[in-house]
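Written below as structure tokens is the structure these notes are about.
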Amino acid sequence: MSTTHLLPAVLPSLKATFKRPLLLRSPFSNVLTKQTRFNFQPTRSATGGAQKIVKKSSKLPQEKTQTQSVNKSPSVQIKESPNRDICEVLERLAIQERNNGQPFKERAYQKAMRSIVAYPTRLNSGKEAQTLPGVGDKIAKKIDQFLETGSVEQLLLSKSNQEEADLINLFQRISGIGPVKAKSFVDKGYKSLEDLAKEPQLTHHQRIGLKYIKEFEEKIPRDELERLLDIVKKATHEIDPRYIVEACGSFRRGANVSNDLDIILTHPDFTEVMESATDRKKVKTSLLMQVVQALENCGFLTDSISKGSVKYMGVCQLPKNKTDGLCTHHRIDLRLIPHQNYYAGLLAWTGDDEHNRIMRLRAKARGYTLSEYGLVRKIKAEIGEDTYDEKIHIQSEEDVFKVLDMPYKKPHERNMRGVVKKKYLMHEE
DNA sequence: TAACCG
DNA sequence: CGGTTA
Ligand SMILES: [Mn+2]
Ligand SMILES: [Mn+2]
């Protein structure tokens with residue numbers, strides 16, 4: 001029967017899923033504003049390809065590979081067999097089990113298939129097939145089901161396995177949804193973004209992520225970042241010119257386009273050695289929040305994802321433009337760093353993440369801990385079991401490289417992601 | 001804990 | 001890797 005459409009290629013099917021939610025008339029037209037309509041670029045693979053799926057694939061090895069792994073089966077002389085259709089069904093079942101990580105079941109189907117291929121006459125039942133080596137109870141049942149209904153339930157379901165994987169990937173493109181929540185939402189039965197928007201348990205972060213799923217995937221040209229940065233700097237210095245405001249992230253690494261805007265702030269009043277803890281807390285809290293408030297008031301910040309005393313995550317937008325109207329919403333992160341840790345903060349927030357990991361691993365191997373709060377040496381006390389923290393004074397980014405005995409790298413040389421090997425750490429003691 | 005930041 | 005936020 002219709003054993004024909006053996007495994008639709010994975011790529012087109014992904015495309016289809018991503019496109020589907022486009023302009024689906026939903027009861028959400030009031031919730032979903034015009035720019036918010038869920039339509040998608042058909043899964044970009046562009047340079048850096050740093051979108052949700054890819055982005056998080058630093059952990060996951062990326063779900064694909066099903067396309068290639070799928071057809072290495074020992075298709076013998078199926079063509080000649082009077083039971084060709086049955087064999088094809090068994091082959092597909094074998095492939096499905098392999099894709100499910102069930103190598104023993106895969107083998108069982110392959111073995112059964114081989115003996116059926118060798119069988120000279122048409123099989124009329126599963127029972128008849130069971131006389132052959134490698135065909136047991138379970139497989140006989142599948143054959144019966146196929147002969148009676150023209151299909152096997154398990155195979156029909158496997159199609160929806162693929163669709164489930166696509167949905168999980170789609171949901172993971174929403175900021176605030178990771179692998180765990182994506183799976184749980186799919187398990188709950190959500191089938192589209194419009195659907196998911198109804199989930200009452202969505203966090204505020206996830207709602208923002210859903211609202212801007214398309215805009216957040218848009219690359220930001222460097223000159224737009226420059227204008228956004230200018231607004232932040234002006235607003236901040238209007239509050240207090242003693243703020244230091246610097247853009248970090250990929251912008252500081254010289255990228256022509258970025259995914260978001262990362263800014264670190266510091267202020268001479270925010271240091272670790274301040275009179276009272278309560279005083280420090282007050283200053284710490286207000287120093288960042290004052291800036292956030294000003295930027296909210298002028299309409300620059302349109303949504304907030306999280307507001308802490310030292311880290312703000314939100315959404316920003318250039319003011320309405322005469323020529324092309326409303327501008328795209330972008331993610332923005334503000335980070336307040338204690339004044340004396342400014343260079344460690346700059347280093348950490350310039351990244352990239354891989355470069356940070358490398359430096360931190362190196363620091364650790366040499367008995368230090370490196371973070372945005374500085375370089376700290378763990379020293380064991382000569383007598384007890386105690387350890388002291390010796391804070392290394394850092395006057396520049398270069399100081400950190402020096403202490404760790406690494407060659408200095410300018411920001412634009414710190415792009416380690418996607419670099420194949422890099423003999424940087426090489427061997428460690 | 002999950003997700004996020006570099 | 002080492003950190004913040006909810
Ligand atoms: Mn960034
Ligand atoms: Mn960021």
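A note on names: the letters A, B, ... follow the listed sequences, proteins ahead of strands, and every chain is numbered from 1. What you are looking at is a predicted structure, and each value in this text was computed from that prediction instead of being measured. Because only heavy atoms are used, hydrogens play no part in the values below, and waters and symmetry mates are left out as well, while side chains stay in.
- Regarding contacts with the backbone of C/dG2, a side-chain N or O of A/Lys364 is found under 4.0 angstrom from either OP1 or OP2.
- Atom pair A/Leu370:CG and C/dG3:P shows a separation of 9 Å (rounding to whole Å applied).
- Contacts of A/Asp240 classified as salt bridge (charged side-chain N to carboxylate O under 4.0 Å, His left out), with partners at least two apart in sequence or in another chain: A/Arg242.
- Between A/Tyr368 atom OH and C/dC1 atom P there is a gap of 19 Å when expressed in whole angstrom units.
- Distance A/Ile332 CD1 to B/dC4 P: 18 Å, rounded to the nearest Å.
- Going from atom CG of A/Asp333 over to atom CD1 of A/Ile263 covers 9.5 Å, rounded to the nearest 0.5 Å.
- Using a 4.0 Å heavy-atom cutoff across all strands shown, A/Asp333 reaches sugar-phosphate atoms only and no base atom.
- For the pair A/Gln172 CD and B/dA2 P, the interatomic distance rounds to 13 Å; values are reported in whole Å.
- If you check every strand for non-hydrogen atoms under 4.0 Å, A/His205 touches sugar and phosphate atoms only.
- A/Asp324 meets the salt bridge (charged side-chain N to carboxylate O under 4.0 Å, His left out) test with no other residue; sequence neighbours excluded.
- In this structure, A/Leu261 places its CG atom 10 Å from P of B/dG6, rounding to the nearest Å.
- Among residues two or more places apart in sequence or in another chain, the salt bridge (charged side-chain N to carboxylate O under 4.0 Å, His left out) test is passed with A/Lys402 by none.
- With distances taken from any side-chain atom of A/Val180 to the nucleotides B/dA3, B/dC4, C/dT5, the minimum falls on B/dA3.
- One atom, CZ of A/Arg366, and another, P of C/dC1, lie 18 Å apart when rounded to the nearest Å.
- With rounding to whole Å, A/Arg335 atom CZ is found 15 Å from C/dG2 atom P.
- Of the side-chain N and O atoms in A/Tyr373, one or more sit less than 4.0 angstrom from OP1 or OP2 of C/dT4.
- Closest to the side chain of A/Ser175, out of B/dG6, B/dA3, B/dC4, is B/dC4.
- In this structure A/Tyr342 satisfies the ring pair (Phe, Tyr, Trp, His ring centres under 6.0 Å) test with no other residue, sequence neighbours excluded.
- Ring pair A/Phe401/A/His355 is tilted by interplanar angle, where 30° to 60° counts as tilted.
- Straight-line distance from the CG atom of A/Asp260 to the C1' atom of B/dG6: 10 Å, rounded to whole Å.
- Judged as a side-chain contact (heavy atoms from CB on, under 4.5 Å), and not counting sequence neighbours, the contacts of A/Asp137 are A/Gln130.
- Near DNA chain B, defined here as any heavy-atom distance below 4.0 Å, the residues from residues 249-258 of chain A are A/Gly249, A/Arg253, listed numerically.
- Within the structure, a side-chain polar atom (N or O) of A/Arg331 is placed less than 4.0 Å from OP1 or OP2 of B/dC5.
- The shortest distance between the side-chain N/O atoms of A/Ser371 and the OP1/OP2 oxygens of C/dG3 is below 4.0 Å.
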